[in-house]
Amino acid sequence: QVQLVESGGGLVQPGGSLRLSCAASGIIFSIYTMGWYRQAPGKQRELVARIFGEGSTNYVESVKGRFNISRDNAKKAVYLQMNNLKPEDTAVYYCKADSPGWGSSRKHYWGQGTQVTVSS
């Protein structure tokens, strides 16, 4: 029932831009916290950006000023605008949805991921 489908990944040169999209279904989207995570080979998955239902955001330090997360509750979509991309941004990017609640009561859903490769 719950689906998160990412799109927009691809190959881009350093300094270029990509816009990732995540379309959600099966959840009350507007009350879910949405996030983008990434995982490179041999590394742990890390939080890249997060946006709460009311629109507040946070970012990992390495992408501040370059990436922007946004959401469109009417479309049940979350986006990640990625500017000035660097080779170290290369990873599989995952969309995540977190339900309202606290601790173990929260539900977590993941998309399948989309590959972003930054290379010359």
Side-chain angles (χ1 to χ4, degrees):
Q1 284 293 319
V2 177
Q3 281 194 301
L4 303 175
V5 181
E6 301 99 333
S7 61
L11 175 65
V12 65
Q13 293 184 337
S17 297
L18 285 173
R19 190 192 193 211
L20 305 183
S21 299
C22 173
S25 61
I27 61 172
I28 307 173
F29 183 84
S30 63
I31 64 173
Y32 272 63
T33 297
M34 303 298 299
W36 287 98
Y37 292 70
R38 66 187 180 189
Q39 188 166 26
K43 295 187 177 181
Q44 289 193 330
R45 190 171 298 184
E46 68 169 346
L47 173 67
V48 178
R50 182 165 55 197
I51 184 166
F52 299 91
E54 29 69 43
S56 61
T57 61
N58 52 44
Y59 301 87
V60 67
E61 189 69 25
S62 61
V63 309
K64 287 182 178 178
R66 300 189 297 121
F67 291 9
N68 180 251
I69 188 171
S70 62
R71 66 191 294 159
D72 186 334
N73 288 340
K75 295 181 178 179
K76 293 186 174 183
V78 62
Y79 309 96
L80 186 68
Q81 179 66 47
M82 310 165 68
N83 300 318
N84 191 24
L85 283 160
K86 302 176 179 181
E88 52 262 45
D89 296 319
T90 296
V92 177
Y93 284 71
Y94 298 90
C95 180
K96 185 191 179 190
D98 298 314
S99 75
W102 180 86
S104 61
S105 70
R106 302 188 75 179
K107 302 294 183 182
H108 310 278
Y109 303 101
W110 292 90
Q112 292 296 106
T114 184
Q115 177 71 48
V116 172
T117 302
V118 184
S119 176
S120 60

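Quick caveat, the model's predicted, so the values are computed rather than measured. Each residue takes its place number in the sequence, starting with 1.
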Sorted by chain and residue number, the salt bridge (Lys or Arg N to Asp or Glu O under 4.0 Å) partners of K76 (sequence neighbours excluded) come out as none

Q: Take the angle between the ring planes of W110 and Y94 and call it parallel below 30°, perpendicular above 60°, tilted in between.
A: perpendicular

Q.
When you compare the side chains of D72 and Y79, does any donor N or O come within less than 3.5 Å of an acceptor on the partner?
A. no

Under a 4.5 Å cut-off applied to non-hydrogen side-chain atoms, are F29 and K75 in contact?
no

| query | Any luck finding a side-chain donor-acceptor pair between T90 and E88 under 3.5 Å? | reply | no

Same hydrophobic cluster for I31 and M34, using side-chain heavy-atom links shorter than 4.5 Å among ILVMFWY?
-> yes

If we only count heavy atoms from C-beta on, is the P14 to P87 side-chain gap below 4.5 Å?
-> yes

Residues pairing under side-chain hydrogen bond (donor to acceptor under 3.5 Å, both in side chains) where one sits in residues 21-36, two or more places apart or in two chains, turn out to be none

> Hey, is D98 close enough to R50 for a salt bridge, meaning N to O under 4.0 Å?
Replying inline: no

Test item: H108 and K96 side chains (from C-beta on) under 4.5 Å apart, heavy atoms
yes

Any chain of hydrophobic side-chain contacts (each under 4.5 Å) joining I51 to V63?
yes

Is any side-chain heavy atom of F67 less than 4.5 Å from a side-chain heavy atom of L80? yes

Y37 versus R45, side-chain donor and acceptor atoms under 3.5 Å: no

Just wondering, more than 12 heavy atoms not from Q3 lying within 6.0 Å of its CD? no

